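Okay, so here's the structure we're looking at.
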Amino acid sequence: MAEKDIPTQYDPAAAEKRWYPEWVKRGYFHANASSDREPYCIVLPPPNITGRLHIGHALDHTIQDVLIRRARMQGYEALWLPGTDHAGIATQVVVERALREEGIERREMGRDAFVERVWAWKERYGGEIVEQMKALGNSCDWDRLRFTMDEGLSYAVRVAFVRWYEQGLIYRGERLVNWCPTDRTGLSDSEVEHEEVDGELITFRYPFAEGYDFIEVATTRMETMLGDTGVAVHPGDERYEAWVGNRVRHPLDGREIPIVADAAVDRDFGTGAVKVTPAHDPNDWEIAERTGLPRMNIFNADATLNDNVPEEFRGLDRYTAREKVRDRLAEKGLIVKEQRPYRHAVGHCYRCKSEIEPWIAGMQWFVKVGPLKGPAKEAVAQGRTRFVPPRWERPFDTWLDNLRDWNISRQLWWGHRIPVWYCPNGHETVATEDPAKCAECGSAEIEQDEDVLDTWFSSQLWPFSTLGWPEATGDLKKFYPTTALVTGYEILYLWVARMIMAGLSLVEKDRTRTGDHIPFERVVIHGLVRDGHGRKMSKSLGNVIDPLDMIEKYGADALRFALARMATPEQQNLPLSEASIEAGRNFANKIWNAARFVLQADGKPELPERSRLSVAERWLLSRHHACVTAVNSALDADDFAGAGQSLQRFLWSEFCDWGLEVEKRRLAGDAKQDAANTLAWVLERTLRLLHPVMPFVTEEIWQRMGPGESIVVAEWPEPIPDLADKEAEAEFAAVQGIVTEIRQLQAGIPRELAKAVALDEGMREDSEKWLEDIRLLTGAAASFEKLDGIRVALRIPGGTDLAPVVDRLSKKLQDSESKLERKRKKLSNEGFTSKAAPEIVEKERTEAGELEEEISRTAAQIRQLGG
RNA sequence: GGGCGGUUAGCUCAGGGGGAGAGCGCUUCCUUGACGCGGAAGAGGUCAGAGGUUCAAAUCCUCUACCGCCCACCA
């Protein structure tokens with residue numbers, strides 16, 4: 001028999017190498033837009049091309065692959081569309097760093113050469129990422145692989161821009177932007193991370209231009225006082241009423257600046273007077289807009305001080321300047337109070353973590369979000385797009401409410417260049433194709449905007465640009481709206497919200513499958529992978545788990561199972577330890593060996609006629625049915641952990657621990673083919689159920705069982721209600737009870753036997769027919785002296801110390817007695833018997849009866865053991 | 001300053017009104033013809049604390065404490 005050669009250990013690497021290319025070659029992952037099957041589509045959140053996939057991707061991808069593989073087996077036209085993101089800032093920074101190591105500066109090499117280098121990077125790392133996804137087993141449609149800077153997607157970006165421009169949703173303006181002095185670009189509000197830091201709040205005096213009075217103001221950013229162009233107080237503040245309109249003298253550069261009144265000032269904070277730095281604070285910017293204070297920019301692009309400040313401060317970085325300004329004011333006796341540490345929130349760049357500087361970076365393009373919010377809120381409120389878990393809906397709503405216009409200009413080279421051309425006469429030409437001349441005056445001296453678009457501008461189009469939008473393609477018609485979007489909560493706002501707004505605004509309803517232009521019907525929001533102790537994984541902590549290392553060490557299935565096993569819909573932290581991946585490996589091996597056993601018994605996945613089934617087999621089928629039901633309902637609820645747990649329980653604790661063991665006896669007798677076939681049938685069907693989570697080991701076994709072409713395209717198991725068998729479950733549960741009881745007695749009693757103990761007063765009537773099974777399951781065939789009817793006997797050698805066994809039994813007796821006590825009390829409580837549901841009362845009665853039986857049995861056992 | 005989540009066995013977490021569960025770890029035993037990446041039997045928990053609702057609370061409600069996260073232009 002060839003099966004004899006099956007190794008006792010599953011070899012993941014061999015299976016992965018064998019099956020993945022085969023699946024791709026056979027085209028299983030390719031979706032057909034013209035098929036008449038129901039569509040099921042997921043677009044992969046495109047990983048950045050900045051480097052390797054990390055464990056978070058592995059989780060994200062595992063979930064998606066489980067969904068898409070199940071859908072494929074269920075007969076849907078399943079499309080999982082993969083791709084990568086150009087990731088503007090992130091990639092530019094990484095490439096710049098790499099160049100710097102070669103001693104090359106970006107600005108020296110020029111824009112075109114630099115962009116060329118980034119493309120080379122993309123070719124290399126983009127390709128690596130695809131290989132990594134394949135190693136995980138992702139069943140993506142590689143024929144549809146996309147990149148955000150593809151020709152098609154770039155065109156979609158231009159069309160989106162032009163359309164919004166024409167609708168007045170995109171405008172240009174000079175505003176204060178979130179400037180990252182390290183990356184030297186502006187950022188949107190969503191790209192700024194607020195973090196509490198310890199600073200100091202310093203109160204100082206502005207002396208009046210005339211006379212000896214002064215006004216006190218406070219700041220955490222002393223250096224910005226060099227750019228102050230006014231002091232503001234609340235209009236109704238009687239303390240300062242008389243001073244409004246007066247002027248104070250700037251103590252460091254001698255400028256006279258006015259005191260103004262503005263309602264934005266909180267009179268209860270600090271002194272009730274605020275220094276106003278319009279060019280470097282959003283609040284102050286607005287005050288200046290209202291009061292007419294001038295703007296005075298004091299920073300260079302790298303946040304060093306520029307020539308607008310007194311000479312001694314020029315060129316200093318902001319932190320050095322902060323101290324120096326304080327020192328100068330202290331020397332002049334103008335510092336009133338220094339409060340430190342003073343905790344306050346400071347914005348940081350989401351990429352490089354530098355402190356953000358509000359700065360005027362010239363003209364910037366903005367998206368007007370007001371008109372986009374409403375439809376997005378409505379789509380979620382109406383459940384056209386469903387959030388899983390739904391508790392994210394409220395924060396999503398609040399976030400939209402507070403959303404302000406979106407700055408989309410980035411002072412970078414890598415990305416989609418803004419499709420606007422300026423002519424010397426001050427006209428703007430906005431076009432999807434590069435124009436040769438100004439659309440308004442015909443001037444040929446046009447120049448394209450130097451900036452590129454925010455990365456998220458192209459990402460927001462992903463669910464439809466990848467399907468061919470703006471063209472009315474077959475893919476769009478077939479697969480849009482997509483079925484599910486799977487992502488971590490960290491980019492819910494940054495990305496998901498924008499896709500919803502963009503889809504609703506841009507996609508034409510009549511080009512979609514359902515007539516609704518929402519980008520996805522459901523958003524599955526999973527948690528973040530942490531280390532085994534719930535800490536964030538980071539290089540500095542040294543607790544990073546690299547998915548590819550894990551695949552190499554334990555196999556892709558092991559990693560996938562470990563990840564799926566912890567992905568409950570509610571959890572936001574998902575602690576992953578190497579031990580849990582090892583457990584996944586062990587599980588794969590367990591299944592492997594179970595299959596080996598079934599194959600050695602020559603099992604064929606065919607179910608014998610019901611009349612030929614043993615009670616144990618009926619029990620196994622019933623449990624299998626329960627597993628199919630549980631897995632289906634868990635997956636319907638996006639509860640991957642629940643599905644994994646059900647599968648593991650059934651296969652390990654039921655199929656292997658009881659099913660295979662009890663079948664060993666039948667396998668040695670006349671019914672052996674029926675027994676082997678039943679096992680094979682259950683195993684084969686359960687393998688299909690497990691396949692989406694553990695694609696490789698299931699395929700490897702399935703191929704050896706030979707029921708068809710590939711498990712990838714096998715039919716998904718749905719519950720078969722006829723398999724549910726309450727009688728068989730009850731009877732087998734009783735047998736399990738007897739077996740466990742005997743095992744408990746055996747523990748601590750050596751095999752060499754002398755003393756016979758009659759165990760079983762009043763045991764279940766039909767236990768006789770199970771005696772052979774019980775012998776086998778307790779592994780104690782030789783130890784049974786006689787088994788007449790309801791009596792089970794054990795022989796124990798003389799001189800055996802029975803005290804531990806008796807102790808254990810005594811403890812069990814006590815437990816049972818106190819349990820019984822509680823039940824009796826409950827049952828004698830009239831409140832309970834009259835108010836509780838009748839079936840609950842009945843259940844309590846039954847259980848009390850069972851406890852009584854157990855108590856007398858245990859007591860008898862203690863007596864027989866001489867306790 | 002708003003909001004959300006968490007607190008259950010040594011560790012990491014399920015459970016979500018009527019018998020405290022899993023995996024890992026730990027103890028003892030088992031070279032039983034699928035698997036030692038295995039099998040069997042165990043030890044270990046006033047389910048954070050206080051109050052309330054209920055015949056019945058780990059589970060529902062209120063408050064408190066601690067942990068974590070998200071949002072936020074109060075100098």
Side-chain angles (χ1 to χ4, degrees), chain A residues 6 8-10 176 189 194 201 203 217-221 224 232 264-266 268-271 273-277 281-286 344-345 347 358 391-392 394-395 398-399 402 404 489-490 492-493 527-528 530 532-534 554 558 565-566 568 570-577 579-580 582-601 641-642 645 648-649 653 656-657 660-661 664 668 740 743-751 776-781 804 808 819 822-823 826 829-837 840-841 843-844 847 851:
Chain A
I6 303 175
T8 60
Q9 305 248 316
Y10 167 60
L176 217 47
D189 294 340
H194 291 272
L201 181 68
T203 308
V217 295
T219 183
T220 53
R221 299 203 48 201
T224 61
V265 179
D266 178 356
D268 297 324
F269 185 91
T271 61
V274 187
K275 61 189 270 308
V276 183
T277 324
D281 182 282
N283 271 325
D284 295 359
W285 171 276
E286 282 171 20
H344 62 130
R391 70 181 148 82
W392 285 104
R394 203 145 63 96
T398 315
W399 182 82
N402 297 329
R404 290 178 300 163
Y489 60 82
E490 77 279 11
L492 188 60
Y493 307 128
L528 259 37
R530 302 300 178 108
H533 295 280
Y554 302 106
R565 193 66 189 72
M566 60 188 193
T568 61
E570 290 298 328
Q571 270 289 108
Q572 36 182 301
N573 282 343
L574 309 174
L576 179 79
S577 60
S580 67
E582 200 178 332
R585 188 268 319 259
N586 294 353
F587 181 45
N589 196 236
K590 183 76 181 176
I591 301 162
W592 177 256
N593 279 290
R596 213 160 59 88
F597 178 73
V598 173
L599 288 168
Q600 277 168 1
Q645 177 176 294
Q648 189 173 21
R649 278 254 174 91
S653 308
C656 289
D657 290 350
L660 288 187
E661 294 304 327
K664 280 177 182 170
T740 303
R743 284 171 175 169
Q744 284 167 348
L745 277 165
Q746 282 177 327
I749 300 179
R751 281 301 172 88
L776 181 78
L777 289 165
T778 54
R808 221 167 45 226
K819 265 187 200 166
R822 261 183 292 151
K823 289 223 185 292
K826 203 168 178 181
N829 177 354
E830 209 180 312
F832 174 68
T833 49
S834 63
K835 291 190 180 174
I840 302 265
V841 179
K843 197 177 148 217
E844 290 291 319
E847 286 171 0
L851 275 172

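Here is the naming used below: chain letters follow the sequence lines, and residue numbers restart at 1 for every chain. This is a predicted model, so every value here is computed, not measured.
- Each of B:rA41, B:rA20, B:rA75 was ranked by its minimum atom distance to the side chain of A:V265; first place goes to B:rA75.
- If you check distances only, the side chain of A:E661 does reach the base of B:rA34 with a donor-acceptor pair under 3.5 Å.
- With contacts defined as side-chain heavy-atom distances shorter than 4.5 Å, the pair A:I6/A:Q600 does not qualify.
- Within 4.0 Å of A:D281, counting heavy atoms only, lies no atom of the nucleic acid at all.
- Nucleic acid contact for A:A264: none, since no nucleic acid atom lies under 4.0 Å from a heavy atom of the residue.
- For B:rG10 and B:rG5, the P atoms lie 27 Å apart once the distance is rounded to whole Å.
- In this structure A:Q645 satisfies the side-chain contact (heavy atoms from CB on, under 4.5 Å) test together with A:R565, A:R649, sequence neighbours excluded.
- Annotation for A:S577 and A:S580: closest pair O-OG, 2.7 Å, computed over non-hydrogen atoms.
- Of all non-hydrogen atoms in A:T277 and A:D284, the two that sit nearest each other are N-OD2, 2.7 Å.
- B:rG52 and B:rC73 are spaced 43 Å apart, taking the P atom of each and rounding to whole Å.
- When the C1' atom is compared between B:rG36 and B:rC4, the two are found 46 Å apart, to the nearest whole Å.
- Between A:W399 and A:Y493, the ring planes are parallel. Angles under 30° get that label, and only those over 60° would be called perpendicular.
- You'll find that the side chain of A:N829 is closest to B:rC55, out of B:rC55, B:rA22, B:rC71.
- Ranked by how close their nearest RNA chain B nucleotide is to the 5' end, A:A668 and A:A836 are led by A:A836.
- Contact annotation: A:H194 side-chain N/O to B:rC73 OP1/OP2 distance is under 4.0 Å.
- Here the separation of B:rG51 from B:rU59, taken at their P atoms, is 13 Å to the nearest Å.
- Regarding A:L492, its CG atom lies at a distance of 15 Å from the P atom of B:rG5, rounded to whole Å.
- For B:rG39, one of the phosphate oxygens OP1 or OP2 lies less than 4.0 angstrom from a side-chain nitrogen or oxygen of A:K590.
- Contact annotation: A:K664 side-chain N/O to B:rA34 OP1/OP2 distance is under 4.0 Å.
- Among the nucleotides B:rC69, B:rA34, B:rG19, the one closest to any side-chain atom of A:R530 is B:rC69.
- Within the 4.0 Å cut-off from OP1 or OP2 of B:rC73, at least one side-chain nitrogen or oxygen of A:R404 is found.
- Taking atom P on both nucleotides, B:rA9 is separated from B:rA14 by 12 Å, rounded to a whole Å.
- In the set B:rA34, B:rG5, B:rA40, the nucleotide with an atom closest to the side chain of A:R391 is B:rG5.
- The residue A:G270 sits apart from the nucleic acid: no heavy atom pair falls under 4.0 Å.
- In this structure, the nucleotide among B:rA34, B:rA40, B:rG18 sitting nearest to the side chain of A:F832 is B:rG18.
- Between A:K819 and A:N593, the residue anchored closer to the 5' end of RNA chain B is A:K819, taking for each the nucleotide with the nearest heavy atom.
- If you take atom P in B:rA40 and the same atom in B:rC67, they sit 42 Å apart, rounded to whole Å.
- Listed nucleotides B:rA41, B:rA22, B:rG23 differ in distance to A:A583; the shortest reach to its side chain belongs to B:rG23.
- Taking atom C1' on both nucleotides, B:rG1 is separated from B:rU46 by 38 Å, rounded to a whole Å.
- The side chain of A:N586 contributes an N or O atom lying less than 4.0 Å from OP1 or OP2 of B:rG38.
- Taking a pair as Watson-Crick or G-U with both hydrogen-bonding distances under 3.5 Å, the stems of three or more pairs touching RNA chain B are B:1-7 with B:65-71, B:10-13 with B:21-24, B:26-30 with B:38-42, B:48-52 with B:60-64.
- Using a 4.0 Å heavy-atom distance criterion, A:T833 is classed as making no nucleic acid contact.
- Expressed to the nearest 0.5 Å, how far CD1 of A:I840 lies from NZ of A:K835 amounts to 16.0 Å.
- Across all their heavy atoms, A:T224 and A:K275 have their closest contact at OG1-NZ, 2.7 Å.
- The residue A:A588 sits apart from the nucleic acid: no heavy atom pair falls under 4.0 Å.
- Taking the side chain as every heavy atom from C-beta outward, A:F597 and A:C656 never approach each other to under 4.5 Å.
- Residue A:R394 has a polar side-chain atom (N or O) positioned under 4.0 Å from OP1 or OP2 of B:rC4.
- If you take CH2 of A:W399 and C1' of B:rC4, they are 18 Å apart, rounded to a whole angstrom.
- At a threshold of 4.0 angstrom between heavy atoms, the contacts of A:P575 are confined to the sugar-phosphate backbone, with no base atom among them.
- Scanning both residues, A:P358 and A:R221, for their nearest heavy atoms gives CD-NH1, 4.1 Å.
- Backbone-only contact: A:Y493 has heavy atoms under 4.0 Å from sugar-phosphate atoms and none from a base.
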